[in-house]
Amino acid sequence: QVQLVESGGRLVQAGGSLKLSCAASGRTFSRYSMAWFRQAPGKERVFVAGTSWSDGSTAYADSVKGRFTISRDNAKNTVYLQMNGLKPEDTAVYYCAARADYRLTYNRRMYDYWGQGTQVTVSS
């Protein structure tokens with residue numbers, strides 16, 4: 001069982017930066033692939049970035065490549081999302097997700113655990 005708690009979301013101006021954190025409970029955090037998803041009002045929840053536990057490989061949605069960076073600290077049971085060059089279209093609730101598998105996937109239905117979400121609002 002894994003519990004996830006996100007933090008760090010807030011209102012920021014376009015072009016600004018934010019760093020989201022996701023703190024996980026559970027002793028086997030290092031064996032979970034972790035991902036960030038986001039959901040804008042009236043839209044589906046979509047993959048943003050992910051990292052595999054096995055080799056530290058990462059994957060990003062095309063819309064955030066070069067601007068966002070996912071990282072993890074297994075000693076702190078925490079995964080981060082550094083967001084730079086924020087745009088109004090990045091406005092969404094950001095969710096942390098965990099999957100008990102080394103393989104990364106963009107499919108939200110393949111993730112086993114979810115946090116409650118943190119709101120990111122980017123003003124123009």
Side-chain angles (χ1 to χ4, degrees):
Q1 188 77 10
V2 175
Q3 292 185 325
L4 305 173
V5 179
E6 303 97 333
S7 62
R10 62 177 176 85
L11 173 65
V12 64
Q13 288 189 335
S17 297
L18 277 180
K19 187 173 185 177
L20 305 183
S21 299
C22 173
S25 65
R27 293 177 293 178
T28 58
F29 172 77
S30 61
R31 295 286 183 170
Y32 283 82
S33 291
M34 303 297 297
W36 288 93
F37 286 74
R38 68 185 182 187
Q39 187 167 18
K43 296 188 177 180
E44 290 189 348
R45 192 173 300 186
V46 297
F47 178 87
V48 175
T51 176
S52 169
W53 68 259
S54 65
D55 59 3
S57 59
T58 57
Y60 296 90
D62 288 343
S63 59
V64 306
K65 280 181 182 176
R67 299 189 298 124
F68 291 11
T69 302
I70 188 171
S71 62
R72 66 190 297 164
D73 186 335
N74 287 338
K76 295 183 178 180
N77 279 12
T78 301
V79 63
Y80 304 97
L81 185 67
Q82 177 67 48
M83 305 186 292
N84 299 326
L86 283 162
K87 305 175 181 179
E89 51 265 42
D90 294 319
T91 294
V93 177
Y94 283 71
Y95 296 91
C96 177
R99 181 170 189 241
D101 193 299
Y102 70 92
R103 292 167 294 184
L104 283 176
T105 175
Y106 286 42
N107 187 344
R108 67 181 185 273
R109 296 176 179 82
M110 301 299 289
Y111 286 82
D112 305 301
Y113 303 100
W114 291 86
Q116 82 291 347
T118 186
Q119 176 71 49
V120 172
T121 304
V122 184
S123 63
S124 58

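Numbers here are sequence positions counted from 1. Computed over heavy atoms, backbone and side chain alike; hydrogens, waters and symmetry mates excluded.
By the 4.5 Å heavy-atom criterion applied to side chains, M110 and R103 are not counted as neighbours. Within the 4.5 Å cutoff, the side chain of W53 has no heavy atoms near those of the N74 side chain.
Criterion: ILVMFWY side-chain heavy atoms under 4.5 Å apart, direct or through other members. Under it, L86 and V93 are not part of a common hydrophobic cluster. By the rule that hydrophobic residues join a cluster once side-chain heavy atoms approach within less than 4.5 Å of another member, V79 and V48 end up as members of one cluster. Both L81 and M34 are assigned to one and the same hydrophobic cluster, defined by single-linkage of ILVMFWY side chains at heavy-atom distances under 4.5 Å. Hydrophobic clustering of Ile, Leu, Val, Met, Phe, Trp and Tyr side chains at less than 4.5 Å, counting indirect connections, unites L18 with W36. Hydrophobic clustering (ILVMFWY, side-chain heavy atoms < 4.5 Å, transitive): Y106 and F37 are in one cluster.
A donor-acceptor contact shorter than 3.5 Å links the side chain of S33 to the backbone of Y102. Proximity of a side-chain donor or acceptor of T91 to a complementary backbone N or O of V122 within less than 3.5 Å is detected. Of the possible polar contacts, none joining the Q3 side chain to the S25 backbone as a donor-acceptor pair under 3.5 Å is found. Between the E6 side chain and the C22 main chain, no donor and acceptor come within less than 3.5 Å of each other.
Using cut-offs of 30° and 60° on the angle between ring planes, the pair Y94 and F68 is tilted.
The NZ atom of K19 sits 10.5 Å away from the CG atom of N84 when rounded to the nearest 0.5 Å. The distance from the OG atom of S63 to the CZ atom of F47 is 10.5 Å, given to the nearest 0.5 Å. To the nearest 0.5 angstrom, Q116 atom CD is 9.0 Å from L4 atom CG. Taking CG of L104 as the start and OH of Y60 as the end, the distance is 10.5 Å to the nearest 0.5 Å. Between E44 atom CD and Q39 atom CD the span is 8.5 Å, to the nearest 0.5 Å. We find the OG-CD distance between S124 and Q13 to be 9.5 Å, quoted to the nearest 0.5 Å.
Checked for salt-bridge contact, K65 and D62 meet the test: a charged N lies under 4.0 Å from a carboxylate O.
With a 6.0 Å radius and a threshold of 12 heavy atoms from other residues, nucleotides or ligands, R31 has its CZ atom at or below the threshold.
Partner of M83 under the side chain to side chain contact (heavy atoms under 4.5 Å, CB included) criterion, out of L20, T69, V12: L20 alone.
A donor and an acceptor atom, one from each side chain of N107 and T105, are nowhere located under 3.5 Å apart.
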